[in-house]
Amino acid sequence: MTTLPETYQPAAVEAAAQAYWSEQDSFRAREDAGREKFYCLSMFPYPSGRLHMGHVRNYTISDVIARYQRMRGKAVLHPMGFDAFGLPAENAAIKSGVPPAEWTYANMSYMKRQLSQLGFAFDWSREIATCRPEYYRWEQWLFLQLYKKGLVYRKNSVVNWDPVDNTVLANEQVIDGRGWRSGALVEQREIAQWFLKITDYADQLVDDLQTLDGWPDAVRTMQANWIGRSQGVEIDFALADGSGEKLAPADFGGKLTVYTTRPDTLFGVSFVSVAAQHPLALAAAQRDAKVAAFVEEAKQSSVAEAALATQEKKGVALGVDVIHPLTGEKVPVWAANFVLMGYGTGAVMAVPAHDQRDWEFASAYGLPKKIVIAGPQGLPDITAAAYTEYGSLVNSGAFEGKDFDAAFESIASALEQKSAGRRRTNYRLRDWGVSRQRYWGCPIPIIYCADCGAVPVPDDQLPVVLPENLRPDGAASPLTRTPSFYECACPSCGKPSRRETDTFDTFFESSWYYARYACPDFAGGMLDERAKYWLPVDQYVGGIEHAVLHLLYARFFHKLMRDSGLPVAGNEPFTRLLCQGMVVAGTYYRELPGGKKDWINPADVDVQYDERGAPLSATLRADGGPVLIGGREKMSKSKNNGVDPETIINSHGADAVRLFMMFTSPPEQSLEWSDAGIDGAARFLKRLWRMVSEHVAGGPAPALEAAPLSAVQKDLRRKTHQTIAKFGDDVGRRYQFNTAIAAAMELVNALQKFEGSTDQDRAVRQEALNALAACLAPITPHISHTLWTALGNAGAVIDAAWPEADPAALVSDAIKLVVQVNGKLRGQIEVPVGSSNEAILAAAKSEENVVKFLAGSAIKKEIVVAGKLVNFVI
RNA sequence: GCGACUGUGGCGAAAUCGGUAGACGCCCGAGACUUAAAAUCUUGUGCCAGCAAUGGCGUGCCGGUUCGAGUCCGGCCAGUCGCACCA
């Protein structure tokens, strides 16, 4: 037992705890076959410059889980690193001339210092920076393994092209169809790119979702929808006579193939639509100026799907007809801007009566709509919209009256017999295009030889090292202008050749970093046996914005690594997943002339409240003038509502920041930043500190003797053990940290009212304070570190065992029940534990207020819910 | 456009399996301490009526199931996130 200063000084407390952890090397993860392992992982940050509140929230959540599991006796791995390749480094270089490498390394060291200030228990000896050759050489190696297995191929695909800057643009660099820097109209351009055959794994990726019961249902649903497995039929429409004039006659095998999941509507086809990039449309464009104009127009747009899907539905007739495979009728072919070349066959049969997009298209161009599906009330009304439900077939020849399943089967069979179609499983998921025409990324290890074609870089020449001193300038990647990088000899014939200058999609790096943390120093391969010990990740924590892409690619990589014989355990990388919500803050602004808004940082604003506490008005502190109150929005530069974590740590301490983050919202919900809220968190820590300080000033507490406790002492003891039980359940099982902290606050409030100073009073208080220090240790580790020692406990709290609730202390003599009449609350009764239903009903019926409501009516039904309530129905 | 999610006091939230709506905290009000203020402590606080006991209303909107619905079902409205080259 040591004495404590009377007032809580977070800066000193936090420095002392951090010094202790550093001296003891407390955070180092050790493989220990004798202990259960727990791998707790946060999504690593992009080193953008400074930590923001979203990072703080993310890492506080994983730190609490990691520290809790450690107290549960597990061998815990909680690593951290940086997702160091990416576009912002190139943008910074364009703006300020600093090479991306220099900018990135500086940001990483700055953010690492900020992370240490927050007391996160990361094992920094395992730090990964993905821009280092020791890391990325292994993804080059894996890529070449996949190349040898035939899981990698090269094909043309479209990109956003800026014709002024002569460069490829990211979707986010296209603003209203124009390049962000040049302002030029963006065009679609086809270039050759490398692809990974993720579609070969589509079935596994969708089927294994069922095993991920530790994932939020929303994420599993989104992934399944993204993969979009569907059972359908591929149908061939023969090109009609006379179409040849518009076509190169020998092409297309004389037919146009479509994919549909609704073969039951085949008799409702009134035209066929193809994508603007479909070969049939391109061929027609060579002979028809109108078609050519449409194809050109389709090129003048972003490649983003959201942009394509929201644009007005437009099309052009190709002047080509095809023959319906079952009716023999001629139907026209149109090119339409809502048909995607990358999905299915790039052609769809149009059934305007039963598909909404076809309905809109047919309405716009005056094309016929044939009803072939009847609903329960007979023929559907399609004057306002298509009828897209399943139903029974009408106007469908031999298939009349069949339901969806029967129609699917028999129409598919009929087409197969005529060799005019086949059943097919299709995926919305497309193969993963991994080429990026960027400098700051991992070089793709391929060499182009005039004689040998694309040749993989031999293993002994890996890694292909990215030169770190180049400066992007907004035009094409500097790698394409650096002969010392791209000039090389063909590995197979020795002839002078050119190295690939594209780099990998940065999702490549983030798809396997979780595995490399197990053995970041292994120089002999991608992974060693330590990966088998630590994998899979037991708990992954990150933003919901990664629900589809990052998590899908990481799952894909896990399976690729497994199938390449690497020592990864299991079929899935992440057993449990927690997606935390955004950090939002209030916004304030002034209207500028012309309607523009001048956003003002919340830190510079004072808010005035009415008597109820509702905000009335706000003023700018600098000039006292009024500002307008906007909504709550995600913290961002554009709304100027960001709060710098470092400023708050300096003013309130890291523990107060951590406590506030965990208390204010449950982790999945958005969290609203509030300066008043952080004051409240700091206030709680001050109270707790003072309580311990006053308690230990009285000297060591005597041993607790449970038997002779008074009712008041028993009540506090029960509260202590209830808190321990609730805290463990909320933190360990539910991940509902806010209610755990609320329970701790209730215990502090109870302690505040508990005034005795006898030996047993002090013993009961000591037990409660020990419980608080231990339970709060994962959330507020610094203050817990000091209080735990001050309370006279041996060892540091970081190494302490998680407290166990004593069932004997939880027992209570009486329980309170609620009495309802017709489901409305009318009174409360207290009965001894173990009372019979008869005794409970008798007590309920004699409750004063209940008597009034029962008077004069017969009771029709009596409901007793054990431990909860009594309800009389009259 | 497609997919997913969210909606409860002045505010953040709680109610874990259909059983007391608003725990805990913020804001705000009253009081104590103080020359004064800050800090701290005590206390009140969903809305309406009432001195009170108590009653009525109340979980985005409309309807349904149930002795009982914030929770389950159907339909709407509003907002947020993702859409393949931001990470």
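Each chain gets a letter, A, B and so on, in the order its sequence line appears, and its residues count up from 1.
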Rounded to whole angstrom, note down the C1' distance from B/G22 over to B/A15. 9 Å

For B/C76, the Watson-Crick or wobble counterpart (both distances under 3.5 Å): B/G60

Judged by each residue's nearest nucleotide on RNA chain B, which is more toward the 5′ side, A/Gln437 or A/Arg683? A/Arg683

Any strand: nucleotide that pairs with B/G68 via Watson-Crick or wobble, under 3.5 Å: none

Whole angstrom is fine here: how far is it from CG in A/Asp83 over to P in B/A87? 8 Å

Which sits closer to the 5' end of RNA chain B, A/Leu429 or A/Glu633, going by the nucleotide each is nearest to? A/Glu633

For the pair made of CD in A/Glu746 and C1' in B/A15, what is the distance, rounded to whole Å? 13 Å

For B/G50, give the paired nucleotide (Watson-Crick: N1-N3 plus N6-O4 or O6-N4; G-U: N1-O2 and O6-N3; both under 3.5 Å), or none. none

P gap between B/U71 and B/G60, integer Å: 8 Å

Is there a donor-acceptor contact under 3.5 Å linking the side chains of A/Asp217 and A/Trp215? no

Can you tell which of B/C41, B/A87, B/A15 lies closest to the side chain of A/Phe507? B/A87

Under 4.0 Å, heavy atoms only, any strand: does A/Ala547 hit a base, just the sugar-phosphate, or nothing? nothing

Would you classify A/Val174 as touching base, sugar-phosphate or nothing, given that sugar-phosphate means primed atoms plus P, OP1 and OP2, and contacts are heavy atoms under 4.0 Å? nothing

Side chains of A/Thr739 and A/Asp730 only: does a donor on one sit below 3.5 Å from an acceptor on the other? yes

In terms of side-chain heavy atoms of A/Asn749, which of B/G25, B/A15, B/G12 is nearest? B/G25

What is the distance from CD1 of A/Ile544 to P of B/G82, rounded to the nearest Å? 10 Å

Measuring only the C1' atom in each nucleotide, how far is B/C73 from B/A23? A whole number of Å is fine. 29 Å

Is NZ or CZ of A/Arg357 both nearer than 6.0 Å to the six-membered ring centre of A/Phe338 and within 45° of the ring axis? no

Using the P atom on both, measure B/A21 against B/G31 and round to a whole Å. 34 Å

Can you see if the side chain of A/Gln736 gets near the phosphate of B/A15 - specifically, an N or O under 4.0 Å from OP1 or OP2? yes

Atom CZ of A/Arg734 and atom P of B/A13: how far apart are they, to the nearest Å? 15 Å

Whole-Å gap separating P (B/A87) and CG (A/Leu551): 16 Å

Which nucleotide, B/C26, B/A84, B/U80, lies nearest any side-chain atom of A/Met582? B/U80

Under 4.0 angstrom, heavy atoms only, what part of the nucleic acid is A/Gln669 near: base, sugar-phosphate, or nothing? sugar-phosphate

Side-chain-base donor-acceptor pair under 3.5 Å for A/Arg690 and B/U40: no

Provide the closest heavy-atom pair for A/Ser435 versus A/Trp194 in the form atom of the first, atom of the second, distance. OG-N, 2.7 Å

Ranking B/A21, B/C26, B/C85 by distance to the side chain of A/Leu825, first place goes to B/A21

With respect to the phosphate group of B/C83, does any side-chain polar atom (N or O) of A/Asn225 fall under 4.0 Å of OP1 or OP2? no

Side chains of A/Gln193 and A/Arg154: is there a donor and an acceptor less than 3.5 Å apart? no

Is A/Lys726 touching bases, backbone alone, or none of the nucleic acid, heavy atoms closer than 4.0 Å? base

Could you please name the option among B/C85, B/C86, B/G19 that lies closest to any side-chain atom of A/Val159? B/C85

Is there a donor N/O on one and an acceptor N/O on the other, under 3.5 Å, for the side chain of A/Lys824 and the base of B/U20? no

Sticking with atom P, work out how far B/A38 lies from B/A32, rounded to a whole angstrom. 14 Å

Scanning all shown strands, the Watson-Crick or wobble mate of B/C81 with both distances under 3.5 Å is B/G3

Just to verify, which of A/Tyr136, A/Phe504, A/Tyr439 counts as forming a ring-ring contact (aromatic ring centres under 6.0 Å, His included) with A/Phe85? A/Tyr136

For atom P, what is the distance between B/C86 and B/G12, given to the nearest Å? 33 Å

Considering only side-chain heavy atoms of A/Arg430, which listed nucleotide, B/A84, B/C85, B/U40, is closest? B/A84

Separation of the C1' atoms in B/A14 and B/U8, to the nearest angstrom: 10 Å

For the aromatic rings, using the six-membered ring if either is Trp, is the centroid distance between A/Phe507 and A/Trp432 under 6.0 Å? no

Kindly check if the number of other-residue, nucleotide or ligand heavy atoms within 6.0 Å of CD (A/Glu830) is above 12? yes

Name the pairing partner of B/G29, where a pair is Watson-Crick or G-U wobble with both distances under 3.5 Å, or state none. B/U43

Below 4.0 Å: OP1/OP2 of B/A53 and any side-chain N or O of A/Arg826: no

What I want to check is whether the side chains of A/Arg181 and A/Asn91 have a donor and an acceptor closer together than 3.5 Å. no

Check this one for me: any side-chain N or O of A/Asn849 less than 4.0 Å away from OP1 or OP2 of B/A53? no

Scan A/Arg428 against the nucleic acid and name what it touches under 4.0 Å (heavy atoms): base, sugar-phosphate only, or nothing. base

Return the pairing partner of B/G9 with a 3.5 Å limit on both distances, Watson-Crick or G-U wobble; otherwise return none. none

Using purine N1 to pyrimidine N3 plus N6-O4 or O6-N4 for Watson-Crick, or N1-O2 and O6-N3 for G-U wobble, each under 3.5 Å, what pairs with B/A38? none

Between CE of A/Met661 and P of B/A13 the distance, given in whole Å, is 13 Å

Would A/Lys155 pass as a cation-pi partner of A/Phe195, given that its NZ or CZ must be under 6.0 Å from the six-membered ring centre and within 45 degrees of the axis? yes

For B/A87 and A/Thr506 - does any side-chain N or O of the residue sit under 4.0 Å from the phosphate oxygens OP1/OP2? yes

What's the gap between B/G58 and B/G7 when it is taken at their C1' atoms, as a whole Å value? 16 Å

Listing time: all N or O pairs from protein to nucleotides 66-76 of chain B that are below 3.5 Å?
| residue | atom | partner | partner atom | Å |
| --- | --- | --- | --- | --- |
| B/C67 | O2 | A/Asn871 | ND2 | 2.6 |

Would you say the ring centroid of A/Tyr201 lies under 6.0 angstrom from that of A/Phe556? yes

Look at all strands and tell whether A/Ser670 reaches a base, only sugar-phosphate, or nothing, counting heavy atoms closer than 4.0 Å. sugar-phosphate

ring-ring contact (aromatic ring centres under 6.0 Å, His included), that's the test. Do A/Phe82 and A/Tyr46 meet it? Break it down for me. CA-CA 6 Å; A/Phe82 294 95; A/Tyr46 179 78; 9.5 Å; no

Is there a donor and acceptor pair, one atom on the side chain of A/Gln193 and one on the base of B/C85, closer than 3.5 Å? yes

From CG of A/Asn738 over to P of B/A15, roughly how many Å is that when rounded to an integer? 7 Å

Side-chain donor/acceptor of A/Gln752 to base of B/C41, under 3.5 Å: no

Interatomic distance where CZ belongs to A/Phe737 and P belongs to B/A13 [whole Å]: 16 Å

